[in-house]
Number of protein chains: 2
Amino acid sequence: MSVLMPGLIHAGHDCTHGKMDHVCATCQVRELSICGALEPESLAAFERLSRTVEIDAKITLFTEGDRASHVFNVTRGVVRLYKMSPDGRRQIVGFALPGDFLGLALHESYGVSADAVTHVTVCKFVRTAFVSYLDEHPRLMRRLHEFASHELSLARDQMMLIGRHTAEERVAAFLFNLSERYQRIGESGVHIQLPMSRQDIADFLALTIETVSRTFSKLVKAKLIVIVPEGVRLLDSDGLHKLARVDV
Amino acid sequence: MSVLMPGLIHAGHDCTHGKMDHVCATCQVRELSICGALEPESLAAFERLSRTVEIDAKITLFTEGDRASHVFNVTRGVVRLYKMSPDGRRQIVGFALPGDFLGLALHESYGVSADAVTHVTVCKFVRTAFVSYLDEHPRLMRRLHEFASHELSLARDQMMLIGRHTAEERVAAFLFNLSERYQRIGESGVHIQLPMSRQDIADFLALTIETVSRTFSKLVKAKLIVIVPEGVRLLDSDGLHKLARVDV
DNA sequence: CGCGCCATTGACTCTGGTCAACGCTAGTGG
DNA sequence: CCACTAGCGTTGACCAGAGTCAATGGCGCG
């Protein structure tokens with residue numbers, strides 16, 4: 001079942017202010033997220049469609065197969081997206097960071113499950129209302145399509161990574177990619193926060209927790225990274241990239 | 001480099017007629033493809049945007065990273081979409097069948113490479129013209145987005161398959177899924193054509209050619225399939241589905 | 001007929017999985 | 001204040017599923 005933390009709705013949950021609801025005008029990830037496609041004059045109306053919701057770590061936002069009542073825009077925190085096989089095997093298909101959108105498909109039902117890895121802040125939209133709004137705003141529709149296309153591209157890269165790369169290459173690529181994503185949202189690309197567990201990383205890279213752990217140790221020995229509380233520090237980003245053996 | 005077979009353009013290559021160009025009105029896969037979103041009165045204008053092109057087996061339509069000059073609608077034949085790593089490892093990310101669209105992302109450059117597995121017929125559009133047309137036809141844009149979402153969903157299923165399933169499960173799922181796709185486009189779901197080589201199947205399922213071959217043999221011994229010229233015949237579709245261990 | 005390509009099969013190897021022990025840290029409660 | 005526990009991560013020993021390497025077979029084609 002899908003358990004959505006109700007949060008404290010529509011009061012006191014702006015990213016930066018204390019007593020107002022989220023204000024798009026001051027949103028730190030607006031330009032990075034789908035909202036960046038909206039003209040300032042559309043923003044107010046769009047804003048009224050959403051509610052800002054706070055979600056505690058480990059809480060499930062939605063589950064694969066559930067009726068897709070809402071779509072979400074992540075503004076803070078990390079969300080894991082995954083699929084489960086009936087016998088309990090899990091494949092994490094992605095981690096959503098601030099600026100990422102959940103429910104791109106606009107389908108009647110969710111195609112994956114999602115739960116909060118950290119405490120998370122999202123802008124939550126009623127899906128049907130969101131879709132109606134899209135119909136009137138082709139630029140937003142176009143932006144959403146760009147996001148979906150980007151996700152498709154990431155998914156295909158991940159297929160390549162999982163299918164055709166060694167454990168070491170997968171872990172190196174994971175850290176390198178995460179570093180780049182953090183940089184794009186204005187965080188350090190060197191001190192990489194790893195809020196997700198080793199098990200999460202394993203299920204993302206299609207490895208076991210033991211292999212992930214051993215591979216981290218190997219990267220430490222090779223002086224490519226240092227393990228620090230809450231994450232890793234990249235010592236040799238280039239070396240990591242070489243090890244990943246992806247593209248160019 | 002991208003080698004696009006010029007084909008015999010704009011003459012004599014309709015799916016069903018001999019002397020006219022492709023006519024959408026008589027296209028067998030129109031309802032299944034993005035064109036199904038168009039009102040009959042838009043169809044004529046849309047049709048003028050495209051050229052019907054015939055492409056021989058093994059010819060490359062486009063290569064990852066190339067400037068995306070065109071987008072394509074497959075009307076006949078099978079196309080493989082893939083990524084290569086610099087050291088020659090290949091991951092096929094999908095097989096496009098009639099009704100499928102190539103270039104969903106509408107990006108400046110192609111995100112994957114594509115080549116014809118069989119002789120292929122496509123409706124070929126200049127990308128920029130196609131995008132302009134989209135801007136005027138929100139329903140088509142919406143349809144394209146649905147196609148992209150569907151592809152994303154398939155890519156994630158494939159991540160799960162490659163990452164968390166055994167060789168036997170992967171091959172069983174491959175045959176079962178192909179059977180369902182063939183049925184949807186009105187072909188037999190029992191006599192499954194396998195125009196792609198064992199190497200292609202291996203690169204799609206992230207296995208080796210030897211493992212694919214051995215697994216086929218195992219399925220034959222288990223009386224789930226029979227290998228016939230050009231493909232396989234499913235003897236026990238349910239058994240295959242059970243073996244695949246996907247979803248429900 | 002002989003060559004080349006693809007698929008199949010066998011023998012052996014190896015990467016990553018499994019199983020198990022241990023350590024570290026945070027939280028709990030006497 | 002510290003003993004106890006639970007959860008997570010690390011490490012080691014061993015195992016197995018799929019990969020590698022190699023031989024063989026079938027088929028189409030010049």
K.L.:
List the atom pairs, donor and acceptor, that lie under 3.5 Å between side-chain atoms in residues 230-237 of chain A and the rest of the protein, sequence neighbours left out.
P.N.:
{"residue": "A:D236", "atom": "OD1", "partner": "A:D238", "partner atom": "N", "Å": "3.4"}
{"residue": "A:D236", "atom": "OD1", "partner": "A:G239", "partner atom": "N", "Å": "2.7"}

K.L.:
Show me the pairs that pass ring-ring contact (aromatic ring centres under 6.0 Å, His included) and involve residues 212-235 of chain B, at least two apart or across chains.
P.N.:
none

K.L.:
Under 3.5 Å, side-chain donor or acceptor atoms of residues 179-189 of chain B against the rest of the protein: list the pairs with distances, not counting sequence neighbours.
P.N.:
{"residue": "B:S179", "atom": "OG", "partner": "B:G189", "partner atom": "O", "Å": "2.7"}
{"residue": "B:R181", "atom": "NH1", "partner": "B:F95", "partner atom": "O", "Å": "3.0"}
{"residue": "B:R181", "atom": "NH2", "partner": "B:F95", "partner atom": "O", "Å": "2.9"}
{"residue": "B:R181", "atom": "NH2", "partner": "B:D100", "partner atom": "OD2", "Å": "2.7"}
{"residue": "B:Y182", "atom": "OH", "partner": "B:Q193", "partner atom": "O", "Å": "3.0"}
{"residue": "B:S188", "atom": "OG", "partner": "B:V190", "partner atom": "N", "Å": "2.9"}
{"residue": "B:S188", "atom": "OG", "partner": "B:H191", "partner atom": "N", "Å": "2.9"}

K.L.:
Among residues at least two apart in sequence or on other chains, which ones pass salt bridge (Lys or Arg N to Asp or Glu O under 4.0 Å) with B:R89?
P.N.:
A:E169, B:D87

K.L.:
Where does the chain B footprint on DNA chain C start and end, counting 5' to 3' with a 4.0 Å heavy-atom cut-off?
P.N.:
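Contact boundaries, 5' end first: C:dA7 to C:dA11.
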
K.L.:
Please enumerate all residues that pass ring-ring contact (aromatic ring centres under 6.0 Å, His included) together with B:Y82, with sequence neighbours excluded.
P.N.:
none

K.L.:
Listing request: all salt bridge (Lys or Arg N to Asp or Glu O under 4.0 Å) pairs with a residue in residues 198-221 of chain B, at least two apart in sequence or in separate chains.
P.N.:
A:R164-B:D203, B:R80-B:D200, B:R90-B:D200, B:R90-B:D203, B:E168-B:K218

K.L.:
With the sugar-phosphate defined as primed atoms, P, OP1 and OP2, and the base as all remaining atoms, what B/S/- string results for nucleotides 9-24 of chain D, 5' to 3', for protein heavy atoms under 4.0 Å?
P.N.:
SBBBB----SSBB---

K.L.:
So, using side-chain hydrogen bond (donor to acceptor under 3.5 Å, both in side chains) as the criterion, who are the partners of A:D157 when residues are at least two apart?
P.N.:
B:K83

